[in-house]
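The basis for the numbers below is simple: all heavy atoms, side chains too, and nothing from hydrogens, waters or symmetry mates. Treat the numbers as computed from the prediction; the structure is a model and nothing was measured.
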Amino acid sequence: MDSLALGADLEPEPVVDEHSTVTLHVNGDPTTLSVDHRTTVLETLRESFGLTGAKKGCDHGQCGACTVLVDGRRVNSCLLLAVAQDGATITTVEGLADGESLHPVQRAFVERDALQCGFCTPGQICSAVGMLREAADGHPSHATGPETPAGQVALDADEIRERMSGNLCRCGAYPRIVEAIEDVIE
């Protein structure tokens, strides 16, 4: 029999390291850790940092329960690979407060009772914080009228609903969520 047919001449496959060392600045604290190349930011936050605010809802980036801020922009952490975020600043709902003082959006959600079961609330809050920054920076949405001057976005209820549409609430707390965000704007 031919030795090639038996695989005798095949070289063994090289061993590939499936981990990389990354530094993540989570809620203000830089941490260097080894992550599997397949691990998402959501999994890393929950398993390596013990931060359970961001939730694993759909695991497809469709519900927004995993929303966090990466370098100030809201993202679905279930879709981001941790290895690709080396050096990034990540803010979770746990990192929004200033000591014992809640972030204004967190305070407004509590005051307006803008939650029911609370599963989506951390993602809703992080999304609202990111959305307010986007609007302040003048980024339009699909609800922004064409007559709106560049960089001048007014956040009315329709604009807020459009900008928050990527965050689902199965309990239906949407009216209170919009009211809470409006309270922060005023």
Could you list the donor-acceptor pairs under 3.5 angstrom formed by side chains in residues 60-67, with sequence neighbours left out?
| from | atom 1 | to | atom 2 | distance (Å) |
| --- | --- | --- | --- | --- |
| T67 | OG1 | G64 | O | 2.7 |
| T67 | OG1 | N167 | ND2 | 3.3 |

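- Of all heavy-atom pairs spanning L155 and L132, the tightest one is CD1-CD2, 3.6 Å.
- Residues satisfying the salt bridge (charged side-chain N to carboxylate O under 4.0 Å, His left out) test with D71, not counting sequence neighbours, are none.
- In this structure, K55 NZ and T121 OG1 are separated by 8.5 Å, a value rounded to the nearest 0.5 Å.
- Scored by the side-chain hydrogen bond (donor to acceptor under 3.5 Å, both in side chains) test, S101 finds no partners at all (sequence neighbours excluded).
- In this structure, I160 CD1 and S141 OG are separated by 10.5 Å, a value rounded to the nearest 0.5 Å.
- The other residues sharing a hydrophobic cluster with L45 are V22, L24, V26, L33, V35, V41, F49, L51, V68, V70, V75, L80, L81, V83, I90, where clustering joins ILVMFWY side chains under 4.5 Å apart.
- Other members of the hydrophobic cluster containing V110, listed by chain and number, are L102; membership follows side-chain contacts under 4.5 Å among ILVMFWY residues, whether direct or relayed.
- Nearest heavy atom pair, residue C120 against residue C169, reads SG-CB, 3.7 Å.
- Under the salt bridge (charged side-chain N to carboxylate O under 4.0 Å, His left out) criterion, the residue pairs touching residues 152-162 are D158-R161, E159-R163, with sequence neighbours excluded.
- Within the 3.5 Å criterion, the main-chain N or O of H19 finds a donor-acceptor partner in the side chain of D17.
- Annotation: the span from T44 atom OG1 to Q85 atom CD amounts to 10.0 Å, rounded to 0.5 Å.
- Nearest heavy atom pair, residue G28 against residue P30, reads O-CD, 3.6 Å.
- Annotation for F119: hydrophobic cluster partners, listed by chain and number, are none (ILVMFWY side-chain heavy atoms under 4.5 Å, direct or chained).
- Hydrophobic cluster membership differs between L115 and V105, with clusters built from Ile, Leu, Val, Met, Phe, Trp and Tyr side chains linked at under 4.5 angstrom.
- Residue pairs meeting the salt bridge (charged side-chain N to carboxylate O under 4.0 Å, His left out) criterion with at least one partner in residues 22-42, sequence neighbours excluded, are E18-R38, D36-R38.
- Judged as a salt bridge (charged side-chain N to carboxylate O under 4.0 Å, His left out), the pairs with a partner in residues 128-143 (not counting sequence neighbours) are, in order, R74-E134.
- Residues forming a side-chain hydrogen bond (donor to acceptor under 3.5 Å, both in side chains) with R112 (at least two apart in sequence, or on another chain): E179, D183.
- Under the 4.5 Å side-chain contact rule for hydrophobic residues, Y174 and I181 do not share a cluster.
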Legend entry - CA sep, side-chain torsions, deciding dist, call: C126, L96, side chain to side chain contact (heavy atoms under 4.5 Å, CB included): CA-CA 8 Å; C126 283; L96 291 174; 4.2 Å; yes
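- In this structure, S127 and M164 approach most closely via the heavy-atom pair OG-SD, 3.7 Å.
- Nearest approach of A54 to P122, heavy atoms of both residues: N-CB, 4.4 Å.
- Residues in residues 86-107 take part in no salt bridge (charged side-chain N to carboxylate O under 4.0 Å, His left out) pair, two or more places apart or across chains.
- Listed here is the closest heavy atom pair of T52 and R46: O-NH1, 3.0 Å.
- Proximity of a side-chain donor or acceptor of Q106 to a complementary backbone N or O of V93 within less than 3.5 Å is detected.
- For H37, the side-chain hydrogen bond (donor to acceptor under 3.5 Å, both in side chains) partners at least two apart in sequence or on another chain are S20.
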